[in-house]
K.L.:
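Please see the structure below; I have some questions.
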Amino acid sequence: MSKILIIEDEAAIRRVLVKILSEENKSYQVDEAEDGLVGMEKIKNNDYDLVLCDIKMPKMDGVEVLEAVKKIKPETAIVMISGHGDLDTAVNTMRLGAFDYISKPPDLNRLLNTVRNALDNTELVVENKRLKKKVSKKYEMIGDSPAIAHIKEMIDKVATTDARVFITGPNGTGKELVAHWIHQKSERSKGPMIEVNCAAIPSELIESELFGHVKGAFTSANKDRAGKFEAANGGTIFLDEIGDMSLPAQAKVLRALQESKVQRVGSDKDIKVDVRVIAATNKDLKKEIADGNFREDLYHRLAVILIKVPALNDRREDIPLLINHFAAKIAEEQGIAVKSFSKKATQLLQEYDWTGNIRELRNVIERLIILGGKEISEKDVTLFASK
């Protein structure tokens, strides 16, 4: 049921609006307020999908109501009701965030179409927020250890900039989560987040994957194809395991960073790209540079901000939180009741040598939930979590 509030000081117009909307759709729940102050009180205490608000009112006018609502409940759609002399003001309210305006006396078709469109837009905004929250939960960083607190603080500082970020740390520690958090908290969050696992792509194909190719560039190139840099335009590209990238591809990435341009394989045409680059590796790139396997100039281009993700063995105090998180998530995936872990079982898991880091811990928790008892005991851990 859609909740609508009408704020209008003229009782006759207010009654007409209530009657029209109530008769038009039985799923509309219509409330009314005789002035802006009463309307604001109702808005604070209720969640309205749409507010129809007169502009000229005593005590608190419609523009003041609009500005106040956008501060406390920005997702609420507001349609302004304007008299003939208020049209310029009504148009200006659109710049302040009003969805639309209707004139007095209201035209029936115009009113109903505006209300439907505003409610559809509200539903879309709410759904987008729900989906974004779902995505955010997928990449949630669990832990309150000093190391994780420091990473979260770093993310908050760098996310709103376009600075390149270089993430280091062993396999399975959550470097991908850090990259996603940076993107989601950035101004580019509405744009794409394109991931490239450089270690998983054969060296002879990495250039085509990153920069695209034109038809005939090589034997299997039977049509033009855009690369990952083009796909990430306006957003973020995450170059995971960049330490495994070939030297020729490194040279092209360096040019892309320097000039914000790419060339498809087999073409000499420059394509402008606006991309934020986040890179990650589990390798010691200083050693790779010394061995001639990685370009030092590319490293310095990428490593504007350095974030080191610690091994799980270096943040054991987070293991109980991670156990609870994975237990709940796995139970949801499996469609079973959440299992708890005894204190001794948790302590034993904290003492393990987690060479595979968080990825390994999650696998062990899943195994224990499937094979263990109603409460995971120390015996279950000894039997099923052994290395």
Side-chain angles (χ1 to χ4, degrees), residues 135 138-139 158-159 161-169 171 174-283 285 288 293-295 297-305 307:
V135 171
K138 180 182 176 184
Y139 296 107
V158 306
T161 74
D162 260 350
R164 299 183 194 110
V165 181
F166 199 84
I167 307 165
T168 61
N171 282 333
K175 298 187 291 295
E176 179 190 7
L177 301 189
V178 175
H180 274 273
W181 260 47
I182 293 169
H183 175 72
Q184 287 177 11
K185 286 174 171 279
S186 75
E187 297 297 322
R188 294 176 176 266
S189 60
K190 293 180 182 177
M193 166 80 169
I194 303 297
E195 299 178 57
V196 183
N197 187 335
C198 301
I201 303 170
S203 57
E204 63 271 16
L205 296 178
I206 186 71
E207 290 183 50
S208 170
E209 192 71 19
L210 291 174
F211 310 112
H213 60 254
V214 296
K215 183 178 179 180
F218 46 86
T219 305
S220 59
N222 48 23
K223 62 179 180 179
D224 288 0
R225 181 175 178 274
K228 300 296 189 184
F229 268 84
E230 286 180 69
N233 194 43
T236 304
I237 189 167
F238 175 45
L239 302 176
D240 197 10
E241 303 303 348
I242 196 170
D244 293 277
M245 184 181 288
S246 67
L247 286 169
Q250 290 177 37
K252 287 200 171 185
V253 169
L254 179 63
R255 179 177 182 267
L257 298 183
Q258 289 173 329
E259 303 177 13
S260 298
K261 297 175 184 175
V262 297
Q263 282 185 1
R264 293 182 179 180
V265 176
S267 171
D268 58 3
K269 180 183 175 183
D270 286 333
I271 301 170
K272 288 282 291 180
V273 288
D274 172 25
V275 175
R276 182 184 196 168
V277 177
I278 300 175
T281 186
N282 64 337
K283 291 188 173 183
L285 282 197
E288 294 297 309
N293 297 324
F294 201 85
R295 295 181 63 117
D297 48 3
L298 176 58
Y299 172 79
H300 290 302
R301 283 280 178 179
L302 292 169
V304 177
I305 303 292
I307 296 180

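Side chains are part of it too, since the values below use all heavy atoms of this structure and drop only hydrogens, waters and symmetry mates. What you see is a predicted model, and the numbers here were worked out from it, not measured in a lab.
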K.L.:
Under the 3.5 angstrom rule, does the side chain of Arg276 hit a backbone N or O of Ser186 as a donor-acceptor pair?
P.N.:
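Not a single qualifying donor-acceptor pair exists.
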
K.L.:
Looking at Ser208 and His213, what are the two nearest heavy atoms and their distance?
P.N.:
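Closest approach of Ser208 to His213: OG-ND1, 2.7 Å.
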
K.L.:
Using 0.5 Å steps for rounding, measure from the CD1 atom of Ile182 to the OG1 atom of Thr236.
P.N.:
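Those atoms lie 9.0 Å apart.
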
K.L.:
When you look at CD of Gln258, are more than 12 heavy atoms from neighbouring residues, nucleotides or ligands closer to it than 6.0 Å?
P.N.:
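Counting neighbours around CD of Gln258, more than 12 heavy atoms of other residues, nucleotides or ligands fall under 6.0 Å, so yes.
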
K.L.:
Look up atom OH in Tyr299 and atom CG in Leu254, then write down how far apart they are to the nearest 0.5 Å.
P.N.:
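One finds 15.0 Å between OH of Tyr299 and CG of Leu254.
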
K.L.:
Rounded to the nearest 0.5 Å, how far apart are CG of Asp270 and CZ of Arg255?
P.N.:
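So the CG of Asp270 and the CZ of Arg255 are separated by 4.5 Å.
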
K.L.:
To the nearest 0.5 Å, tell me how far Leu239 CG sits from Ile194 CD1.
P.N.:
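So the gap between those two atoms works out to 11.5 Å.
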
K.L.:
Can any side-chain N or O of Asn233 pair as donor or acceptor with the backbone N or O of Val273 at less than 3.5 Å?
P.N.:
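Not confirmed, Asn233 side chain does not pair with Val273 backbone.
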
K.L.:
Atom CD1 in Ile242, atom CD in Gln250: separation rounded to 0.5 Å?
P.N.:
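Ile242 atom CD1 to Gln250 atom CD measures 7.0 Å (nearest 0.5 Å).
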
K.L.:
I'd like to check Leu210 versus Lys252 (side-chain heavy atoms, cut-off strictly below 4.5 Å). Are they in contact?
P.N.:
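Not in contact.
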
K.L.:
Can you tell me how far apart NZ (Lys175) and CZ (Phe166) are? Round to the nearest 0.5 Å.
P.N.:
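Result: 10.0 Å between the selected atoms.
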
K.L.:
State whether the side chain of Arg295 and the backbone N or O of Ala251 hold a donor-acceptor pair below 3.5 Å, judged by distance alone.
P.N.:
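Pair absent, no side-chain N/O of Arg295 close to backbone of Ala251.
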
K.L.:
Where the side chain of Asp240 meets the backbone of Val196, is there a donor-acceptor pair that is under 3.5 Å apart?
P.N.:
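Absent.
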
